[in-house]
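Remember, it's 1-based here, ligands and their atoms both numbered in the order they're listed. What you see below is based on every heavy atom in this structure, not just the backbone, and it leaves out hydrogens, waters and symmetry mates.
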Amino acid sequence: MRFGINTLDDLDEIGVKGKTVLCRIDINQPVDRAKGTLKDTTRIEACIPTLKELSGKGAKLVLLAHQGSDIEYKNFYTTEPHAKALSSFLGKEVRFIDDVCGPAAREAIGKLQEGEILLLDNVRFVSEEQTLFETKLLLSHEEQAKTLLVRKLAPLVDLYVCDAFASAHRDQPSLCGFEQVLPSAMGRLFEEEFCVISGIMEKPERPCVFVLGGAKISDAFLMMKTVLSSGVADQVLSGGLVGEVLLWASGGDSGNIGEAARAFITKEGYADLVETAKELLSAHRDRIELPRDFGAVSGGRRVEFPPGKVPADTLPADIGSETAARYQAQIRAAKTVFVNGPMGVFEEEATELGTRLVWDALADTAAYTVIGGGDSIAATKKYGKTKDINYICTGGGALIRFLTGEELPVVRALRHGSAIKQKLL
Ligand code: 3PG
């Protein structure tokens, strides 16, 4: 047991051979809907050790996963291509059934033999699992155990394993319901991510620098507050929308990010964060680095401006060269660096400079480097730095929420399920 949660070692005491094990994984990846293929397989590769171990020990393995959501609808898709990718990484067939908890899925589960693996279809095809449902009508974990999904699948399985660290911030039946009725454990990936990230929070080697950027930023501000007030962060280097909101909050001419940026932040629903940013700056200004210049596109070319000189119709889309050079020096002088979010729109040639230079420094610093989140992983791959980063976390939102210090719903549910010795059905 670690962190009050069973690991796969604890399940050995119960024995998994011949048992039906329901394993919730996070293999949510960008998809190419036209071709019916996956654009990335990072998360699929990451859950292989758990699947190999459980099927190798003779479990009848049922995999449950989501793909896309109502907030990320372009990726809302069947998990059929994932079964092919899982099979190829495992070197063993992973069967797929286009059903989640209906009669076809239940029949296929009943026919599983020892060591066989079955992937069910996208669990978010079941409306009770939707994110909207989660936010508008939040069910307690006990209530989640009474949803259709749990009522239909739990009687067919003996044990529940959650290896979906990247979804640990979600409060949904497939993640928090089964632990109410089944003996539960975390998988190897969940265990590793939990260990590495808690280690950084507890005893980071100093200086410990946080590089925060990207475009999905609400949790980033909560997390910044935690790591600055607890003293974990010696320095926060800000880029992307995080940097723009902080600059806006800093006020005056040097904080003038331009009309277009303010309108964009407001449209994205982040204007409220300016108040939070003001509080952070008033308490920790000496440890927060703000962008000193921006990169943007004008007439199809890269242009750079200091804050206060951004033309009204120009949207900053990168940090500028002076800022990038400062951040490089700070990353190279650090002992621990945690990164979430790129410095700008790195997919476009004109606005990739800041992200590229920061990632160059991440690759050659002697510091222990950790990155998390889909965009940061994509940047790492684009610049060929995968082998140079010490730890790549599969979670984006989950990692940030973890770093806010809050107990994540799935962690709470797993602690509950770890105390269950026998199926409660
Ligand atoms: C993620 O991509 O962060 C996880 O798979 C969770 O997805 P969600 O944000 O759509 O719940």
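Using a 4.0 Å cut-off between charged nitrogen and carboxylate oxygen, Arg332 and Asp360 do not count as a salt-bridge pair. Salt bridge status for Glu191 with Arg188: present, with a side-chain N to carboxylate O gap under 4.0 Å. Using a cutoff of 4.0 Å between basic side-chain nitrogens and carboxylate oxygens, Arg262 and Glu259 are not scored as salt-bridged. For the pair Asp12 and Lys57, the salt-bridge criterion is met [side-chain N within less than 4.0 Å of a carboxylate O]. Of the charged side-chain nitrogens involved, none lies within less than 4.0 Å of a carboxylate oxygen, so that Glu114 and Lys60 do not count as a salt-bridged pair. In summary, Glu407 and Arg415 engage in a salt bridge, as defined by a charged side-chain N under 4.0 Å from a carboxylate O.
Heavy-atom contacts of Asp26 reach the following atoms of ligand 1: 4 (C), 5 (O) (cutoff under 4.0 Å). Listed by number with element, the atoms of ligand 1 under 4.0 Å from a non-hydrogen atom of Ser69 are 10 (O). Contact atoms of ligand 1 toward His66: 4 (C), 5 (O), 6 (C), 7 (O) (distance under 4.0 Å to a heavy atom of the residue). When each atom of ligand 1 is checked for a heavy atom of Arg170 under 4.0 Å away, the hits are 8 (P), 9 (O), 11 (O).
With a 4.0 Å cut-off on non-hydrogen atoms, Ala166 touches ligand 1 through its backbone and not its side chain. Neither the backbone nor the side chain of Gln172 has a heavy atom within less than 4.0 Å of ligand 1.
Checked by distance only, ligand 1 and Arg124 come closer than 3.5 Å through their nitrogen or oxygen atoms.
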